[in-house]
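Encoded as structure tokens, the structure appears first; notes follow it.
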There are 2 protein chains.
Amino acid sequence: MPDFYLSHHAAWGAYASFVLGTIGKGGGFALSDVHSPQRSVYVAYRQGQEAVRVLPFLTAPIGMGELAFQAEADGQARQAVAVQMVSADELERELGWASDEWRHGPLRLRLLSPFGDVPAPGSDEAAMKQAVCPVVLAELELDNRNGGAPAELLFALEGINRPLSDSTQGQLLGVASGSAWGVAALPGKGVEEVQDFDVIGATFGERRPRVRRLGNTGGVMLTVGAGEVGRLVLALGTYQAGIITTGLDTRFYYTRYFGKLEEAMSFALENAGEYREEARLRDAELAASGLSSERRFLLAHATHGYLASTQLLLREDGSPLWVVNEGEYRMMNTLDLTVDQLFWELRYHPWTTGNVLDLFVERYSFTDEVKHSGERRAGGLSFTHDMGVANVFAPPGQSAYETENLDGCFSHMTFEELTNWVLSATLYGLLSDIPWLRAQTGRLQACLDSLLARDVDGDGVMDADSARTEGGAEITTYDSLDASLGQARGNLYLAVKTWASLVCLEHALRVLGLDGRRAGERAGRAARRITEGFDEQRGYIPALLEGGSDACIIPAIEALAYPLLLGLNEAVSEEGPYGALVSSLRRHLGTALQPGVCLDAESGGWKLSSTSHNTWLSKIFLCQFVAEELFGVPVNPAWDAAHVRWQQLGSAAHGPTDQVRSDDGRDLGSRLYPRLVTSVLWLPRRGGAHDRTSASPQELQRAT
Amino acid sequence: MPDFYLSHHAAWGAYASFVLGTIGKGGGFALSDVHSPQRSVYVAYRQGQEAVRVLPFLTAPIGMGELAFQAEADGQARQAVAVQMVSADELERELGWASDEWRHGPLRLRLLSPFGDVPAPGSDEAAMKQAVCPVVLAELELDNRNGGAPAELLFALEGINRPLSDSTQGQLLGVASGSAWGVAALPGKGVEEVQDFDVIGATFGERRPRVRRLGNTGGVMLTVGAGEVGRLVLALGTYQAGIITTGLDTRFYYTRYFGKLEEAMSFALENAGEYREEARLRDAELAASGLSSERRFLLAHATHGYLASTQLLLREDGSPLWVVNEGEYRMMNTLDLTVDQLFWELRYHPWTTGNVLDLFVERYSFTDEVKHSGERRAGGLSFTHDMGVANVFAPPGQSAYETENLDGCFSHMTFEELTNWVLSATLYGLLSDIPWLRAQTGRLQACLDSLLARDVDGDGVMDADSARTEGGAEITTYDSLDASLGQARGNLYLAVKTWASLVCLEHALRVLGLDGRRAGERAGRAARRITEGFDEQRGYIPALLEGGSDACIIPAIEALAYPLLLGLNEAVSEEGPYGALVSSLRRHLGTALQPGVCLDAESGGWKLSSTSHNTWLSKIFLCQFVAEELFGVPVNPAWDAAHVRWQQLGSAAHGPTDQVRSDDGRDLGSRLYPRLVTSVLWLPRRGGAHDRTSASPQELQRAT
């Protein structure tokens, strides 16, 4: 069946996307947001005397905009153009890593959103200009080789209000909505711009002129001669001018290179060859990756969503500021997402992770007290959950999300954010930027102090909530999943993450020539405490180490990813210093991956918790990586196929969606989300390959 | 019954309004537009232990914004606040000229949109700063004198994302949506800012803190002590930064005085006393005007709509640029509206009319050819219909509206726009700016040449269409009314307007010391041609002088307004040089004002044309002025009451609406429109009074 899910098509760092994909719901440009504006998108063609074929991306009947002007006085009979709406099942679609292709008969529409390495600002201005240009490309092709008469092709949008030839002296043909977004082509044979209330009538009918400046729909048309193949390359551009954020004044970084929309679109069209080549390379790379078709889709879908939430800003001092916005929630640089998205960023632009970590230090760090046994004690350094929401930077030391006096959703995540900063910093520093890591020496020590201070009884597991919660209690990133994952104190998921943080810290300190034993020693205690939690009868470690939940949770293994990625093979080996922990987690996973435990009985997909039908794909992908890389769990196409169905059917209208029901994949939250790029971990690491041995669930469960 | 029509509350020249009025449809800020965003507006109060009373301005259940985050995991039982939605029939409302007051029990909400004289830019910076500050005020009052416990009051909006105390160090309390709009109060006893998903819960319930930065609703609350009357003054502010327009780069003029939203709101609150006094003066002036309650409403409603469409811009050379946008259509400085709105502007800020006329000359004038008997001939100077649409300036010499090859709606209005510029220029110049008029001497001659050239047979009535229409034909401003008024050639309405243009031109040239006889002579011929059209049997002049329509149209008398307002009493006297014309028009009007002719049989309101049920209120008001002032038609409360019903019932949801059905007042077009300020003509002219004699329709119809 056809794949009709919403997809974003976004230039890197522009926090703007061209949205398309769901039938009958249109799409269009979203600026500083990821929600579809649900405006009509006109993709249409006609061959010879046939009816005009219109792809099913309209949200309203053709030409309605004129009615407001015409009242009832317009009694004129007009020759209507014969139109045939293409039905969904006549369409073919293929999502590539950097492309999205739709086909109908002789028509091909390809949306290109190329991406790749982005060098650090200041190192290569030409590469940066190309990377940040706020434009994606559309390529249209109409094969009229069998046609005995000219054919016409149209790509047009609702919501525009001006032709681009006006402001460019004809150097660009197309239309725009004010100075904010537009679609443009370079002039060429058969290329015309169209603007009208009824863009179908203006393109395919007798109505002239083709530009009526009051029309609210418009785009570019191409006439293709008989016997020819017509090709049209379009720039889909956005431009957000001026100060974009409050709290901290910033502009878009691309304003350094482009003074306005037209300049960006011209640049993209002049360099279309390079953009197309970059898209082609990424598509080919994914096709040749060895990943299954299911995984290729999941990674490609995730990538489109991630790019849509990225935002490279320019501070008043000329320095860059990187933000990944949190999908539908629009929170800025949510630290629990940073730690998951760094797998992507370390591959293509590690400096953005460093940039975010620095801004957390500069503006969103604090030193708190903690609560334990009714008393206040010294806490230590930590970080806020996020930096603000919807282009509003929160005041220093505060997040948009966290609120006192709660013990569920919207409470503070002080401890987990501390582990997130530590893990992000050690991975970024050790894998990509040792000088930066060296500059963090004191801060890493302070983080270690803070981790230890929040573990009052010294068993390696956090037991004191930040005083910032006042009468409430800390939670984890799994805020809305279920109680098994939401509570921070004694949380198995967080305990393993704590252990991983201590292991990574110990390693980082040693690399820096310092004594990391304090960290290592506490990591050992944490490992023991977690291992003690293993329930031989159940075959797993219950989600809350101090009781209160029977849940079996997959994310117990999540944090193994960090030492694994640092190459700390001893630490994650069953023969190493934490062998007992690793063995228990292997056995835990074996139990989890049974139908009725953490495999959904209906869909066969992964449930993060045995006691919740709310499951999060980004975390599934991450845990799949650990399960496969470390424990030899084989790739199971049935699991991945279930996850594909969740995205393509259950949550199709919401684009890349993280929180879904584990039975039918229906969206539960975190729609239009960037975090699913954890799936990049499935790819062979760049410049290397990885060998795996394979293990069945039964093998996993064996006691050592 | 309660009056629940949409109203705009707008600062002068800010092209932004706070919209409120229709029940269950919310409202909120519209920026560079006049359509209601239909967001929830929270006006609520509680006395003692009673339920919270919430005024019916919500569009969604309370607190829904949180659901996207909570998925299904939030099983917590919360103590809900007892809420009682106030029903429409419990509310009282009173629209003043510069105010809009809502009352429920002890609550009073007054929205203030003061206006008044605005001196020309450069003459009084302090006055200009006060005039252009993009803020309107809301005053709330809660009478708790009978209360034995504290009471609380809330004014809050949906769609906000930050508390204002952050960016003002507490100097302002309130909330904003980015840097674009917000609501603010000065700090004071009992004043607190609130932001939450559930602003009712945060204000009246146990939820704390009152500011949760992720919340999408927020505003200002006031706690009122037992036995006290609490008062809260709020700034409702907007700020549109940077280059606002394309085609011609401009910013808002207010950016000269205010660097950002907070500065504008602070200024408005610091100067609240002066703004309130100005609003009070206007309200009192209207109350004491002697106008009936119906007319007071119609003028007040029109004024709110006009202000919402006004826009004072700043060009790159530092000069001002005035735009009145065309309501729902958003066309900029539509010249057929300029000529009607100058009655308002000549009263308060005549320089804006001059500014528009200058920009028409600079950028939107042209010299065309005309078509006559299949040949092209020299035409002359004329002007475009408008200057663009939706902040997009059209290229020089072109409008957004006009299209070739049409003979109905969207065709060219070249001849009528020529009369519009001439009438506007002569009124503005003669009544307000003689030096300006003198500078136009050559242009006035060119306009006269052009008027004459388009009357090829020399009978005073236009008979040659502009070649710009190509295969089409010129139309008039009554584009969507009916054929009786739409066609330009031989159009009675336009013929009288031509005569008036010639009369005014003759006078202007004479005032400038020049020979105006060419104009006067052709005016005489026009008067004869029109008078000859009088059909004694029917008792009126049919709408098309050369046949093709039997319609009787009220706007035949419209253009008498111009010589009348110039004080050319001879010209509009039945004893003067055009006495026969004036007599025929008197008799014409007498016939028109009969039930079944131009009085709607059902509603009793005025129909502009006997053959159309589409009627336009702005033009009715203008023609009422002529009918009363010149022909002594008495004010008829039944007519005005019908017109009030059209606005308050038929088109209530669309605010001030120009085009309505003459039976029930249902909107047909021109919604949210500025032109209804022609009703300002009903007021005594400033500094003078006018005496009228009264005439019945029968008296009007008498032959001379």
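Numbers restart at 1 for each chain; the letters A, B, ... are given by sequence-line order, proteins then strands.
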Can you say whether [X] sits under 4.5 Å from chain A via the side chain, the backbone, both, or neither, judging by heavy atoms?
X: Q398(B); result: side chain
X: S177(B); result: neither
X: S167(B); result: neither

Subject >> Minimum-distance pair of heavy atoms, taken over all atoms of V389(A) and N161(B) >> reply: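 Heavy atoms only, the tightest pair is CG1-O, 4.2 Å.
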Original post:
Looking only at heavy atoms, what is the nearest atom pair of A394(B) and R213(A), with distance?
Top reply: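 Heavy atoms of A394(B) and R213(A) come nearest at CB-CD, 4.3 Å.
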For [X], is it the side chain, the backbone, both, or neither that has a heavy atom closer than 4.5 Å to a heavy atom of chain B?
X: A241(A); value: neither
X: S32(A); value: neither
X: N391(A); value: neither

Original post:
Quick one: does R212(A)'s side chain get under 4.5 Å of L406(B)'s, heavy atoms only?
Top reply: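 With C-beta onward as the side chain, the pair touches.
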Original post:
Is any side-chain heavy atom of P209(A) less than 4.5 Å from a side-chain heavy atom of T403(B)?
Top reply: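 With C-beta onward as the side chain, the pair touches.
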Calculate, to the nearest 0.5 Å, the distance between atoms [atom1] and [atom2] belonging to [X] and [Y] respectively.
X: R162(B); Y: T245(A); atom1: CZ; atom2: OG1; result: 10.5 Å
X: D166(B); Y: F393(A); atom1: CG; atom2: CZ; result: 13.5 Å
X: T246(A); Y: L261(B); atom1: OG1; atom2: CG; result: 10.0 Å
X: M331(B); Y: L214(A); atom1: CE; atom2: CG; result: 5.0 Å

